[in-house]
Protein chains: 2
Amino acid sequence: MKKIGIKEIALHAEVSTATVSYVLNGTRNVSFKTKERVLKVIEELNYMPNDIAKSLKSNKTNTIGVIAEDLTVFNAPEIIDGINEYAEKNDLQILLTNLRLQKRVGYDYANTEAYQKRAQEAVSSLLSKQVEGIIYVGVHARDITGLINTYEKPIVYTYCYAEGESSIQYNDEQAAYDAMAYLVGKGHTRIGIISGLMDSIPSRLRFNGYYKAMTEFQLPFDPQFIRIGNWSSESGYRLTGELMQLTNRPTALLIMNDLMAVGALKAAAEQGVCVPSDLSLIGFDNREFSAYLSPGITTMDVPLHEIGILAMKTLRSKIDGQPVPEEEAPLCTLIERESVAQIEPEKL
Amino acid sequence: MKKIGIKEIALHAEVSTATVSYVLNGTRNVSFKTKERVLKVIEELNYMPNDIAKSLKSNKTNTIGVIAEDLTVFNAPEIIDGINEYAEKNDLQILLTNLRLQKRVGYDYANTEAYQKRAQEAVSSLLSKQVEGIIYVGVHARDITGLINTYEKPIVYTYCYAEGESSIQYNDEQAAYDAMAYLVGKGHTRIGIISGLMDSIPSRLRFNGYYKAMTEFQLPFDPQFIRIGNWSSESGYRLTGELMQLTNRPTALLIMNDLMAVGALKAAAEQGVCVPSDLSLIGFDNREFSAYLSPGITTMDVPLHEIGILAMKTLRSKIDGQPVPEEEAPLCTLIERESVAQIEPEKL
DNA sequence: CTGTTAGCGCGTTCAC
DNA sequence: GTGAACGCGCTAACAG
């Protein structure tokens, strides 16, 4: 079956290719009669436009490149889902590149050499395909300034950032503050914190929220309550274990991701500390597993979907050469489950 | 900064565009001297090829369309990761469409009308972009014959199938059989089963494996041990509750997905049945949460990554007009965790 | 206002 | 090593 193009349509409808093009795009008036005739032939021959040819002339591909550092990491699908939602509504196509960072170099994000070459190749490929812009989806919020060069093509970073480039942020400080306010509302005052690695912006911002709540609610400050984890379940386990050994231990823990909260749950169980009656936990990320644990982990849901949409909006503005609209950083939302209890007065 | 093309290169290197093209593609011998000169200019001017123009002439885009029914459903990222691995190795690009089926119409897969139009639009868009083939990633293994028309372009289905088209299968029967063999090896004989919906091929195949093991190992057959669930955690909870009420209840359960296994765990806990000492459970899917539950759920891991790779291999053969090589259906692998115990003789 | 002719975009490739 | 046609659809310029 031969490919049929605009030329065949013109032939069968006994008009010129120009007329067919005008009918197709509504670029100019075409008499009702010829229009009908052309449309009928298009229908009959099952014409399918060739966007490649179209793009060559128009210099527009309506295609956005998406580079995911690792598609199988939990945040990526939901961010891309947001990207897809926006793309669908705006007739944009997504050219996806998956760097497969985790599988390629494991968790050693600092070792950029291991994937910088591949990342730059991905960008070059996308640029060759004439994408109109790129969205980069990191695995882990960190600085990747200088990692890639897009040769002036607009790029928007999510879950990471680069100096001088747009990146989408959400309100991490507020999230931590909200989590604290929630714990305080439940009667807690001795609240410990287990952070993620300090090379990450979210860690620092969440600390800000923590401190802000500490001062605002005039909570007792004990430096021993502050622990630095590394995002892993193991670190949550170990640090919670340590915290439970303190003589005047915290009644609640703000934990910067659900993975560490799992470790905390395990440590508590092993030490005979009951969650939530003896120890309340609040995590971050709203990972799927958090709902299935017992107790279910109360957690701050990160607005991944919205981040995807915002990234597209921002990118679109840059592509169109418009100023990027200032948007409020989206908020995290508290997902209430069973890992936080109202503290009973006699325990204080 | 003006876009520089092959013409500028030719100009600066004082050769014809043809020569530049030959240098670029190695399509023909070019004298060492001119080649050097051309390459130097290419380097200096930072030339980037325009794949759009290339594709127009060559009629090859090296692009594969991927339609995911829902990217946020657990199987999709891993299948696509396999697709990506193959794509990277073979210099193929991925044009991704996410139907967002779950968010669009929820779990009512039978209601095809709700997304058929969108699915067909997605196909048409991809065809307009001149993809060389399409991979369809379903959310749920079922028959979608007639849902879409690809107008002769090759398509390969994963996690669903359509009559007369290629689809990638894995060995579900063997998986169920292996799971049973594992339970038998642990001393179990009274083994119940909680299936998924019977409109799904995996359900039926896994039943086959179950029956095969039942007869081969000469296990006592009790029709009451067979329960039909609907894949949801709730159904696992309900059916396990019922099974625990039986006077001569099973000592182990083969459960067709981890979600129902979570429900089973909950039902057991509520009825004071201890997993695994009183009841062994084995699930399917190796969902992330299965590792974090206590006890961790022993489960059959579905070879999603390999399915993605196989889909690409198959598609490639079809694109090249070669016969699709007969490959062994990949196997599931047992992930041993803590939900299965050796049965103690006195319990029999 | 409706329809046509012809050149263009950019890289490939045949014929010389 | 080169000139020029070509792929396919768009669109400026022109004609009726």
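Throughout, a chain's letter reflects where its sequence line sits, starting with A, and its residues are numbered from 1.
- Between A/Tyr22 and B/Thr17, the residue anchored closer to the 5' end of DNA chain C is A/Tyr22, taking for each the nucleotide with the nearest heavy atom.
- Side-chain contact check for A/Ser166 versus A/Lys318: some heavy-atom pair is nearer than 4.5 Å.
- Between A/Glu8 atom CD and D/dC8 atom P there is a gap of 8 Å when expressed in whole angstrom units.
- If B/Arg28 and A/Leu24 are placed on DNA chain D by their nearest nucleotide, the residue sitting closer to the 5' end is B/Arg28.
- Within 4.0 Å of A/Phe32, counting heavy atoms only, lies no atom of the nucleic acid at all.
- Regarding contacts with the backbone of C/dG11, a side-chain N or O of B/Tyr47 is found under 4.0 angstrom from either OP1 or OP2.
- Look at CD1 on A/Ile9: it is 13 Å from P on D/dC8, rounded to the nearest Å.
- Using a 4.0 Å heavy-atom distance criterion, B/Asn59 is classed as making no nucleic acid contact.
- Comment: B/Glu88 does not engage A/Arg100 in a salt bridge, judged by the lack of any side-chain N to carboxylate O separation of less than 4.0 angstrom.
- For the OP1/OP2 pair of D/dG7 and a distance below 4.0 Å, the side-chain nitrogens and oxygens of A/Asn50 include no atom meeting the criterion.
- Nucleic acid contact for B/Ser55: none, since no nucleic acid atom lies under 4.0 Å from a heavy atom of the residue.
- Of the listed nucleotides (D/dG1, D/dT11, C/dG3), C/dG3 has the atom at the smallest distance from the side chain of A/Val30.
- Rounded to an integer number of Å, the gap from CG of A/Asn25 to C1' of C/dG3 is 16 Å.
- Taking 4.0 angstrom as the limit, B/Lys54 places none of its side-chain polar atoms (N or O) nearer than this to OP1 or OP2 of C/dC10.
- Using a 4.0 Å cut-off, some side-chain N or O of A/Asn29 falls inside it from OP1 or OP2 of C/dT2.
- Across all strands, A/Ser21 comes closer than 4.0 Å to base atoms (heavy-atom distances).
- For B/Lys57 against D/dC6, a side-chain N or O and a base N or O form a donor-acceptor pair under 3.5 Å.
- For A/Ser31, a side-chain nitrogen or oxygen approaches OP1 or OP2 of C/dG3 to under 4.0 Å.
- One finds a side-chain N or O of B/Thr19 lying less than 4.0 angstrom from the OP1 or OP2 phosphate oxygen of D/dT2.
- Residue contacts for B/Thr34: at a heavy-atom cut-off of 4.0 Å it reaches the sugar-phosphate backbone alone, with no base atom in range.
- For A/Lys7 and B/Ser16, each mapped to the nucleotide of DNA chain D holding its nearest heavy atom, the one lying further toward the 5' end belongs to B/Ser16.
- Listed by chain and number, the residues in a salt bridge (charged side-chain N to carboxylate O under 4.0 Å, His left out) with B/Lys33 amount to none (sequence neighbours excluded).
- Evaluation of the salt bridge (Lys or Arg N to Asp or Glu O under 4.0 Å) test over residues 66-77 of chain B, restricted to residues two or more places apart or in two chains, returns B/Glu69-B/Arg142.
- Residue contacts for B/Val15: at a heavy-atom cut-off of 4.0 Å it reaches the sugar-phosphate backbone alone, with no base atom in range.
- The distance from atom NZ of B/Lys60 to atom C1' of D/dG7 is 16 Å, rounded to the nearest whole Å.
- Under 4.0 Å is where a charged nitrogen must lie from a carboxylate oxygen, and between A/Lys89 and A/Glu85 at least one such pair does.
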